[in-house]
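Take a look at the structure set out below.
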Number of protein chains: 2
Amino acid sequence: MKVRKFALADASFERSPGQEGDVFAANLVDQRHGGPVTIGYGRYGPDQSIEETLAVHDVMVVLEGRLTVSTSAGPLTAGPGDIVYMPKGEAVSIRSHEQGAVTAYVTYPHWQEARG
Amino acid sequence: MKVRKFALADASFERSPGQEGDVFAANLVDQRHGGPVTIGYGRYGPDQSIEETLAVHDVMVVLEGRLTVSTSAGPLTAGPGDIVYMPKGEAVSIRSHEQGAVTAYVTYPHWQEARG
């Protein structure tokens, strides 16, 4: 695969698997492309919440809005330009605030394969 | 390692190795932390340029400013919210524009180890 550039306008959002809220993911690079990481954009509607035990190492960069990530160690709130690192195996709750949120994400290895 | 949140204010920038321009990197998570990926922030002064053959897979999210990444296939210009994927082995030239740039990066595996 060659060097590529992606913009939010390139993203085809789909509802995140296993939940019914307004939380969407759009993979741009994944197992189809032969590399080791999945890259994409995430979009959260206002006041949405998802719970997940991470099957992969997940790095989330907040581009717009605000998210609170809670673990047994407590809550962390991230806004534009902030990075949240969620290592494999951690149990998290991710909650958007009233303005929703847009993120960029990178996972290692591929999250769709890890979910089976 | 637990879930962690980072902000630009947490970054300790150091000049990128092997070049003399105003291009700086600040690792936040790397080989010291036991995981598979390096995470950090990059900062480019105005009109700077670096050339590199990638020793690792590198994902760059532009947070501020604008960068042009050139390869043998041509130039790609990225602004705030855009993602540039640079697979291992690619030869790139990265040039900042007049306003400089700030990025978030994720590499697999650790770039400091790959450089030896």
Side-chain angles (χ1 to χ4, degrees), chain A residues 1-11 26 28-30 33-41 54 56-64 67-94 102-109, chain B residues 1-11 26 28-30 33-41 54 56-64 67-94 102-109:
Chain A
M1 195 173 171
K2 299 297 182 184
V3 171
R4 291 182 64 184
K5 177 210 135 183
F6 303 99
L8 197 53
D10 301 324
L28 299 162
V29 172
D30 58 23
H33 303 93
V37 296
T38 288
I39 303 166
Y41 287 111
L54 290 145
V56 294
H57 302 275
D58 192 334
V59 183
M60 190 165 68
V61 181
V62 179
L63 299 176
E64 302 174 15
L67 292 171
T68 295
V69 180
S70 298
T71 68
S72 58
L76 296 166
T77 294
D82 293 343
I83 303 172
V84 180
Y85 177 45
M86 299 179 285
K88 184 176 169 176
E90 291 284 308
V92 300
S93 163
I94 304 176
V102 175
T103 65
Y105 59 77
V106 181
T107 79
Y108 173 83
Chain B
M1 193 171 173
K2 298 297 181 186
V3 172
R4 292 181 63 184
K5 178 211 133 183
F6 303 99
L8 198 52
D10 300 325
L28 298 161
V29 172
D30 58 24
H33 303 94
V37 295
T38 288
I39 304 167
Y41 287 112
L54 290 146
V56 295
H57 302 275
D58 191 335
V59 183
M60 190 165 69
V61 182
V62 178
L63 299 176
E64 303 174 13
L67 291 170
T68 295
V69 180
S70 298
T71 68
S72 57
L76 297 166
T77 294
D82 293 342
I83 303 173
V84 181
Y85 177 45
M86 300 180 285
K88 183 174 169 178
E90 290 285 308
V92 300
S93 163
I94 305 175
V102 174
T103 65
Y105 58 77
V106 181
T107 79
Y108 173 83

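Per chain, numbering begins at 1; letters A, B, ... match sequence-line order. In this text, all values refer to a predicted model and were calculated from it rather than measured experimentally.
B/T71 contributes atom OG1, which lies 12.5 Å from atom CZ of A/R4 (distance to the nearest 0.5 angstrom). Atom CG of A/D82 and atom CG of B/L8 lie 9.0 Å apart (nearest 0.5 Å).
Nearest heavy atoms, B/V61 versus A/A104: CG2-CB, 4.1 Å.
Between chain A and the options B/K5, B/K88, B/K2, heavy-atom pairs under 4.5 Å are most frequent for B/K5. Taking chain A as the reference chain and counting heavy-atom pairs below 4.5 Å, the highest number among B/G81, B/G79, B/G35, B/S72 is found for B/G81. Note: B/V59 leads B/V59, B/V102, B/L63 in heavy-atom pairs under 4.5 Å with chain A. Among the candidates A/D58, A/V69, A/T77, the residue making the largest number of heavy-atom pairs closer than 4.5 Å to chain B is A/T77. When the candidates B/A9, B/P80, B/P36 are compared by the number of heavy-atom contacts under 4.5 Å with chain A, B/P36 comes out ahead. If you tally non-hydrogen atom pairs under 4.5 Å between each of A/A7, A/P87, A/A73, A/P109 and chain B, the highest count goes to A/P87.
With sequence neighbours left out, B/L28 forms a side chain to side chain contact (heavy atoms under 4.5 Å, CB included) with A/I83, B/F6, B/D10, B/Y41.
A/V106 is not listed as a side-chain neighbour of B/V37, based on a closest heavy-atom distance of 4.5 Å or more.
For a residue to count as touching a neighbouring chain, one of its non-hydrogen atoms must lie under 4.5 Å from one of that chain's; by this rule B/V92 touches chain A with the side chain only.
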